[in-house]
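To start, the structure itself, in structure tokens.
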Amino acid sequence: MRRSKFLPIAGIVILVVLVQILTTTTGTQYYLTQLTMAAYYGLVIIGLSVLMGYAGQISIGHAGFFAIGGYIGAALTTHNLLAMQDSGMVQWLGRLGVLMAGQDLYGEQLLVVSPWAACIAAVSVAALIAFVLGIPVLKLKGHYLAMATLGFGTIIYRIVLASEYFGEADGISEVPGFTILPALGGLGGLTVSGSFDHRVENYYIAWAMLIIGLVLLLNLIDSRVGRALRAIHGSEEAAEAMGIDTARFKLNVFVLSAVYAALAGVFLTHYNGGIGPSEASVMKSVRYVALVAVGGMANLWGTLIMGVVLTFLSLRGIFGSYDDAVFGAILILVMLFAPDGILSLNLKALLARGKRKSTDLEGR
Amino acid sequence: MTTELFFQYLFAGITYGIMYAIVGIGFNIIYNTTGIINFAQGEFVMLGGMISISLLQVVPLPVAIAGAVVITMLVGALIEIVFIRWLDNPSVLRMIIITIGLSILIREVALHIWGESIRSLPYFYGNEITTIAIGPARISPQVLWVIGVCGVVVAGLSLFFKATPLGREMRACSANRTAAILCGINTRNMVTFSFMLSAGIGALAGCVMSPITYTQYDSGTALAIKGFTVAILGGLGNSMGAVAAGILLGIIEAYSVSVVPLAFQDAISITILLIILFVRPHGLFGSSEAARLKEF
Amino acid sequence: GEIKVGAIFAVTGPASFLGAPEARSAQMVVDEINARGGINGDKIDLIIKDSGASPEKAISFAKQLIEEEKVLAVIGPSTSGETMKIKMIAEQGKTPLISCGAAEVIVNPVASYVFKTPQKDSFAVKKIYGEMKKMGISKIAVVAGNTGFGKAGKAQLLKIAPEFGIKVVAAEVYDKKATDLSALVAKLMSNKEIQAVVNWSIVPAQAIIAKNMRQAGWDVPLFQSHGFGNIKYVKAAGAAAEGIIFPAGRLLVAESLPDSDPQKALLLKYKKDYESKYKEEASTFGGHAYDAMTILAAAIEKGGKDRARVRDAIENLKNFPGTGGVFSFSPEDHNGLGMDSFVMLTVKDGKFVLYEGK
Amino acid sequence: MLELQSVSKRFGGLRAVDDVSFQVREGVIKAVIGPNGAGKTTLFNLIAGNLTPTSGQILFQGREIQGMKPHRIAALGMSRTFQNINLFHGMTALESVMVGRHVRSRAGFFAGMFHLPSTWREEREIREKSMELLEMLDIAEYADMEATSLAFGQQRAVEMARALATEPKLLLLDEPAAGLNIYETAEVARLITRIRDMGITVLLVEHDMSLVMDISDEIVVLSFGQKIAEDVPSAIQQNPEVIKIYLGEDEEVGA
Amino acid sequence: MLKIRNLDAGYGKLRVLKNISLHVDAGEIVTMIGANGAGKTTLLSTIIGLVRPMAGEIEFRSWDCWKLSSQDIVAAGCVLVPEGRQVFATMTVEENLILGGYVLQKKEGKAAVLRELEYQYELFPVLRERRNQLAGTLSGGEQQMLAMGRALMSRPRLVMMDEPSTGLAPLVVRDIFRVIVRLRDEGNTVLLVEQNARAALSIADRGYVLETGKIILQGPAEDLLANRDVQRAYLGREKIE
Ligand SMILES: Nc1ncnc2c1ncn2[C@@H]1O[C@H](COP(=O)(O)OP(=O)(O)OP(=O)(O)O)[C@@H](O)[C@H]1O
Ligand SMILES: Nc1ncnc2c1ncn2[C@@H]1O[C@H](COP(=O)(O)OP(=O)(O)OP(=O)(O)O)[C@@H](O)[C@H]1O
Ligand SMILES: CC(C)C[C@H](N)C(=O)O
Ligand SMILES: [Mg+2]
Ligand SMILES: [Mg+2]
């Protein structure tokens, strides 16, 4: 049982290292750029997979949480507080040690919130919003839940698009790197940034986060809580009768997946050096949902693989202007021929297609 | 607020609302037979507009519209036959994802057929600056067309689903597919028919709205989102509900302009809608009883 | 040999009405150059990446083009937001970037490798305000689309207004996908102070606002930005477009320019080539990419196949006629266009004509 | 153990449960019978917290529980099965029963995500205990099959095992023998007696009189939402009112 | 009326029914008894076309059911009262019944449906009381009656019932069996799957015993009632009491 869970993990770790070694030796490290970005999106998608596939709660608003993370992280670390230096608030923040002085690229003096503090703030805000929103929203079911989460996503999108603080249509640019570990002694530090010389290190940061995130979720779904979540998915009424506090479990997992999305948002924004409103758009949320579905909903490995691979290909631009069309076609094909996700394809579809479960009398 | 302004907002709100409602109704039709939301509904609206505009080059307006409606209905039927019909026992989410995929594909195909530029049908009566004074407010005659078409459609559909055997049979398909089969109903044909019907209504909406809103290959998406919102808010499956919710949303949007910057309009109106939804989790006119008995 | 040039345009997606003609125009220039035998005997290999207007894709593509394809230079992206995201990437990768985005922040502060071809918004604003002053207008409403273009324009309109003694009494932003703006019009109309409306936008809604104003029976002058420079919008607005006043490059009125105009020959050629090749009317948007590509070609001719030298060559380009105006770059000015790149136009009988004042 | 004090539930104009009072003493098997639509299931839903009574009190172990969420009531030691089988889609029989151990285990999100050693033993225990229950109900061979694809009777058994897994003090069974043949019914009867002997109080609804009359210690009869009789089985069998509205005139009970 | 030869059927790779042969003649009540999971429901589902057979023949009124879809089979006059009721939960009782008359309406028009509706209301008076209630909120027994009423609405030639007495009060069970007998007396044919084997056999003309997907016994109902094996396995009530 346990071994079957950790073998693939070891496999993916080895794969990640191999890819890095291979690209470095062949001088093709540029592949790491998109692999890094894809890993962060992967983090959003596995978080959503637990919410959707296991707990059975659809959310067409997860781009909103990603954006909350990314935008707050970006805004706090870019907006210059120098002008407000004397205000009580800023002084207080300074004493807390969350501010950071610096220089921007054109040599101007800056006083901004340090990335660590910004990251914590961003993720906390996302978690808090998820918590407050989750209480009423998760009482809804099915299409109604879908609409409410979609509405939430739209609200976030509208807010970032309309607020000067968030840069309106242009979003926020020139976000500084995020030094996770300062350089100590002979060891170089760890910095999340898109500059060409941090590439390998960022590749590892991103994949480490993704793999750790994955292990945590794999553990979770394999635990008492995971079982409870699946039970809620299966039948909320019965789960409740078994003593599961369905409202609380749904809320917790909603917050958890929001935290995943927000973390991904913070890190990817530092890596990209900016964020734009399209990251908060409904289409983005729909894309996340679709990727989870294509990966097989309640199949973390499937969603991880589909999420990373499709995002990687799209970011490489290999489908050119047909990117969306290809994505749509993949959605349809997978849902038609491998409704349990791409990983189920080789087993079921090839063996006994057409003999699929017939109309089960429960009536779906 | 002056009465003039009051009415001007009111009419603006009704205009928006009716447009949302008519898209929302399209959702309801397919929902009523399959229990799913067809996210490609917005694309039917776009197709209606685009096809009629293309046809207009060779035939007169009424023929162009009729042609567009028929062609879109065929597209709807084709989609159902190719992508939905043969699925054995699709789950709700699977169908939803398929329709999302379809909506993306249709959009891309439209982009390749018609390009990225905007098009529109001419005003049915008068032109861009013709207005009619209604009380102190002035509106474009096209708005009356939209309202009229929507009214006819809603009345027709409500009657259809409530009172005709075919409508009842279509609802039965979504209530319990197996049971419908056991009653001898050809559920597959019902689903095909519902796709045709909603495609047709979507296309008709696309035609009457086109002069006001213009048509672009991706104009379906935004409409679909609003239509979906309205369908949910009105209580899924309930056409009257969709109209009421649509007009409510439109009016909230219109009046919200008077108090907040336009840029925040959607944020405000959707917040209000969410609050309504929290109080009435099954929509304004949805029955909580019925919703509890549904699976998704 | 071969010269690799990268291009990032929003060919599909929400800004496709910019990106698509841009990509077509750039490709047209390249085809033509290659048909002539290339630059100094080297053919140009134009690698167009479709960003769909999403910044993260633009970032990914910029890195890809610079590092992986090792392109000599990059043209695009289509929007200001995307450009700002990759400004530093181009700078760090020491690769010339000629953007088609409007916002002034792209070239101010100046990044040594980053240029742009669309005229500065501030000049357009000044043109409009100048015209207003002549008409005796002092209280206006500003409306803008929620795109990068609208945002940048609105900022300039608000900033420059005091210089001309103009007061902006209302400023609103509408969605790029807006389908009807009659509520907004009602709100503005109720403010009796407003003597004119300036709309700053590149999206179809700029035709809608014109219609809604006229339908409401409101006939204050409507000014538009240079984003109105697309005959499709005029067609869309139909009768409501009549009398709209806006600044634009000379492309739209190329035929009626005096023969002495340094741009005339080029404008007519671009128009003819584009329209015969793609069977659609040329717009100023495509023109921006046309300019970017021809400027780059000229710089390559001088600087050869070295990124730094191409950059220097662009910076030293003077009196170079383009569709947007006559470009004269300098180390301080990476846009290279002056006030005179604009003329005031109006719509008459569904056509663009030079505006001669009232 | 359980006490109902003039409990009523109305649906619109319909009095589904009308001023019903009775007690269930610890350690007994009590049956609720009555014609179709008499309000038995509604009564169960009221007790288990799925519905809130329009009026009246429900006391469980001396504590008022009306209006409490079902999961809280379940945690207090009450468990139930459903009339229309209500299993978890997509879970195997074993997993379904393991869910029943929820209230008897503790690992939360944190412990689960970090797979803390403290969860290891708990998990093993849950699994073993659940397997035992499957064996007790004779469905161990289906442990790894999806519960919803089992035959009717097997699904019933899974539900029962799941309910027992919570180690309830009071077990509510809504028609546990529906769809079973007489042998299986007899099996269920034995099982219920065994459950009682384990110290679990049982309240059940059933239309199969062979079962009800055999095993129950007391019977409550409902009709049109009202309690019309409460007595020991032999007395109920003789009660002319009950015979008239429910049992029928035939001598041979339950056909 | 119905002839089945060497039928195999199941789900996916799982073969539930193995080499089943049986027949039901016009005007008979035939009952099928068997333990849980024997495959009774699967058999009925296969006849009505919800489950596709893997091998063998099914012939209904000399039509080959292989080629027919479920709705054709229903239209040909074979209906199923399914296990677990399967009412249209979100529709009213009356709508449920009218939908049951779908086939009838097609054949004989609306008046026939209305007449039939009256008849069902007489048969099950509770349904009349609840005619405007949503079917999903009916009590279990009421739903069972509705399911039966709905099936009978089409005036079928062959009625297949999957455990119709499940969840019904003793009085009602007796009524239901009476209804079944009456159906036969009116010339209908009934294939009855019942757990209550004694009751079923006592009204049936013939019976089959199904065990793990195979028919192990068949014959006239009286013979089966008297059969020791059957008594031991399915009728042994007395011992328990
Ligand atoms: N949500 C509801 N809305 C309206 N009426 C309801 C609702 N739920 C139940 N009823 C009605 O209340 C009455 C009691 O129903 P209940 O399910 O409790 O009966 P029951 O005694 O369990 O019957 P059975 O033995 O047939 O299962 C029925 O007449 C039913 O139609
Ligand atoms: N949809 C399904 N998918 C897979 N297996 C199934 C499915 N439905 C039933 N089975 C299996 O087929 C076998 C026969 O089931 P069936 O429902 O036909 O039995 P039954 O005789 O009707 O039993 P009961 O008396 O309990 O209703 C069972 O072992 C069951 O697990
Ligand atoms: C008209 C163009 C100059 C607009 C510009 N490409 C922008 O969106 O930023
Ligand atoms: Mg009941
Ligand atoms: Mg069965």
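Proteins get letters first, then strands, A, B, ... in listed order; numbering begins at 1 in each. Computation of the quantities below employed the complete heavy-atom set of this structure, encompassing side-chain atoms and omitting hydrogens, waters and symmetry-equivalent molecules. Note that this is a predicted model, so its numbers are computed, not measured.
A cation-pi arrangement is not found for Arg128(E) relative to Phe124(E), the charged atom failing to lie both closer than 6.0 Å to the ring centre and inside a 45° cone about the ring normal.
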Report task. Please lay out, stage by stage, how Thr41(E) and Phe152(D) fare under the test side chain to side chain contact (heavy atoms under 4.5 Å, CB included). Result -> CA-CA 9 Å; Thr41(E) 301; Phe152(D) 212 66; over 6 Å; no
**Report entry** salt bridge (charged side-chain N to carboxylate O under 4.0 Å, His left out) between Asp175(E) and Arg178(E), intermediate numbers included
**Finding:** CA-CA 5 Å; Asp175(E) 286 347; Arg178(E) 238 170 257 146; 3.3 Å; yes
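Chain D is approached within less than 4.5 Å, heavy atom to heavy atom, by Glu163(E), Thr166(E), Gly167(E), Leu168(E), Ala169(E) from residues 159-169 of chain E, ordered by number.
Only the backbone of Ile245(D) has a heavy atom closer than 4.5 Å to any heavy atom of chain E. For a residue to count as touching a neighbouring chain, one of its non-hydrogen atoms must lie under 4.5 Å from one of that chain's; by this rule Ala38(E) does not touch chain D.
Of the listed residues (Ala197(E), Gly34(E), Ala35(E), Gly39(E)), the one with the most heavy-atom contacts under 4.5 Å to chain D is Ala35(E). With chain E as partner, the option from Gly34(D), Gly37(D), Ala151(D) having the largest number of non-hydrogen pairs under 4.5 angstrom is Gly37(D). Interface remark: of the candidates Ile33(D), Thr42(D), Leu180(D), Leu180(D) forms the most heavy-atom pairs closer than 4.5 Å to chain E.
Shown here are the side chain to side chain donor-acceptor pair (under 3.5 Å) partners of Thr92(D), two or more places apart in sequence or in another chain: Glu95(D). Shown here are the salt bridge (charged side-chain N to carboxylate O under 4.0 Å, His left out) partners of Lys18(E), two or more places apart in sequence or in another chain: there are none.
Looking only at atom types and distance, the side chain of Ser139(E) has no donor-acceptor partner in the side chain of Asn36(D) under 3.5 Å away.
Residues in residues 131-141 of chain E take part in these salt bridge (Lys or Arg N to Asp or Glu O under 4.0 Å) pairs, two or more places apart or across chains: Glu94(E)-Arg131(E).
Atom CG in Asp8(E) sits 8.0 Å away from atom CG in Leu17(E) (nearest 0.5 Å).
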